[in-house]
Amino acid sequence: MLFRKSLEGTILINMKIHLPMANFWLEADGVRIPFRVINVTDQANRHIKQATGHSYQVERSYVLVPILPNKFHYAELQLQSDLVFPEVNFDDSISSEFYSGCSWFVGSYVLGTAGYVNNDDLDEHISGGNLAGYLDVDERFKDQLLFQVSYKDATTYRADHAKYQWFDLSLDFSFDEMRHYLYSSSG
């Protein structure tokens, strides 16, 4: 972790986030880049309850905000991890008009990752890899290039499927926090 002094005070800058099932980081054209981590777990769980009326929740949810220069062009901006994908089990594709991603069973967890989409021209730049990413992006999209990682206990996830006789959509609904972040940071 690095620290940078700004007008707003000290900002924590991460090069990697350590989660129970894996480490995650961001790369631009194959080079690690710094990012801010915003813990949105409480907000996500509150919004999940409001949206669904169900009490299922995520264990943790983080929005990753890349720290990008004012001018840039990247062929690829990608969430990366030390997960070994042949060893994890695909769960589901997760998407809406404001996010695109996937969920995976990893050990005792179910993990979801997604990237923000704007239901407009940014949608054409979403990559199709195992983890969220963007292709051919530049400063026009700077404030919209967001990633999110959410997870919960896999046993609870499966039990919630059975309890509500419907899919546990807690990972899906947690990804709305990228949109909430954009609206709250745009003033």
Side-chain angles (χ1 to χ4, degrees), residues 1-19 22-41 43-44 47 60-83 85 88 90 92-104 111-151 171-187:
M1 288 185 268
L2 305 169
F3 294 90
R4 175 188 297 167
K5 198 70 169 173
S6 74
L7 295 175
E8 297 84 29
T10 303
I11 297 173
L12 182 63
I13 302 171
N14 291 284
M15 294 300 282
K16 183 189 306 185
I17 182 172
H18 305 279
L19 301 180
N23 297 303
F24 294 87
W25 60 92
L26 298 179
E27 289 185 1
D29 292 341
V31 177
R32 274 192 198 189
I33 62 169
F35 57 93
R36 291 186 322 139
V37 176
I38 302 161
N39 184 339
V40 295
T41 306
Q43 299 94 313
H47 291 134
R60 291 282 181 262
S61 187
Y62 301 98
V63 172
L64 310 181
V65 182
I67 298 173
L68 301 168
N70 290 331
K71 295 260 185 207
F72 64 90
H73 178 268
Y74 298 125
E76 184 176 53
L77 179 61
Q78 185 74 37
L79 178 65
Q80 297 287 350
S81 175
D82 54 11
L83 289 169
F85 278 94
V88 300
F90 178 79
D92 201 3
S93 292
I94 299 176
S95 64
S96 83
E97 61 185 317
F98 296 110
Y99 54 83
S100 177
C102 293
S103 59
W104 307 87
L111 163 75
T113 67
Y116 177 77
V117 296
N118 64 0
N119 205 20
D120 197 8
D121 52 349
L122 183 59
D123 294 17
E124 298 171 15
H125 297 272
I126 294 296
S127 72
N130 289 328
L131 297 174
Y134 301 95
L135 301 172
D136 191 31
V137 290
D138 58 36
E139 63 274 355
R140 292 175 297 150
F141 304 109
K142 181 178 180 177
D143 295 332
Q144 299 177 66
L145 299 172
L146 301 174
F147 300 86
Q148 191 164 342
V149 178
S150 299
Y151 65 90
L171 294 174
D172 297 63
F173 282 107
S174 75
F175 294 135
D176 283 329
E177 295 312 309
M178 288 183 283
R179 185 169 51 93
H180 292 294
Y181 169 79
L182 280 177
Y183 289 143
S184 68
S185 64
S186 64

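In terms of modelled atom types and a separation under 3.5 Å, the side chain of D92 and the main chain of I94 share no donor-acceptor contact.
Taking 4.5 Å as the limit, every side-chain heavy atom of Y99 sits out of range of all side-chain heavy atoms of Y116. The shortest distance between side-chain heavy atoms of L83 and N130 does not fall below 4.5 Å. At least one side-chain heavy atom of F85 sits less than 4.5 Å from a side-chain heavy atom of W104. I17 places none of its side-chain heavy atoms less than 4.5 Å from the side chain of V149. F175 has its side chain out of reach of S96: every pair of non-hydrogen atoms, C-beta onward, lies at least 4.5 Å apart. Looking only at side-chain heavy atoms (C-beta outward), Y181 and V40 stay at 4.5 Å or farther from each other. Using a 4.5 Å heavy-atom cutoff, the side chains of V37 and V63 are not in contact. Within the 4.5 Å cutoff, no side-chain heavy atoms of I67 are placed close to those of I33.
Between the side chains of Q148 and T113, no donor-acceptor pair is found at a separation under 3.5 Å. No hydrogens or angles considered: a donor-acceptor pair under 3.5 Å links the side chains of H47 and E177.
The CD1 atom of I38 lies 13.5 Å from the NE2 atom of H180; values are rounded to the nearest 0.5 Å. The distance from atom CZ of R36 to atom CG of L26, rounded to the nearest 0.5 Å, is 12.5 Å. Taking CG of D172 as the reference point, atom OG of S103 lies at 7.0 Å (rounded to 0.5 Å). Note: Q144 CD to R179 CZ = 13.0 Å, rounded to the nearest 0.5 Å.
H73 pairs in a side chain to side chain donor-acceptor pair (under 3.5 Å) with only one of the listed residues (D138, D29, D136), which is D136. Screening Y62, Y134, F24 against F147 for a ring-ring contact (aromatic ring centres under 6.0 Å, His included) leaves a single residue, Y134. Only one option out of K16, Q80, H18 pairs with N23 in a side chain to side chain donor-acceptor pair (under 3.5 Å); it is H18.
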Candidate pair S81 and L131, rule side-chain contact (heavy atoms from CB on, under 4.5 Å), full reasoning: CA-CA 8 Å; S81 175; L131 297 174; 3.6 Å; yes
Side chain to side chain donor-acceptor pair (under 3.5 Å) assessment of S127 paired with E76: CA-CA 8 Å; S127 72; E76 184 176 53; 5.4 Å; no
Evaluation steps, side-chain contact (heavy atoms from CB on, under 4.5 Å), between L135 and I126: CA-CA 6 Å; L135 301 172; I126 294 296; over 6 Å; no
Test side-chain contact (heavy atoms from CB on, under 4.5 Å) applied to L64 and L146, step by step: CA-CA 6 Å; L64 310 181; L146 301 174; over 6 Å; no
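If you look at Y74 and F72, their ring centroids are closer than 6.0 Å. Between F35 and W25, the gap from one ring centroid to the other reaches at least 6.0 Å.
The side-chain tip of R60 does not point at the ring of Y151 from less than 6.0 angstrom away and within 45° of straight on.
Across Q78 and A132, no two heavy atoms sit closer than the pair NE2-O, 3.0 Å. Smallest separation of non-hydrogen atoms from L77 and A28: CD1-CB, 4.0 Å.
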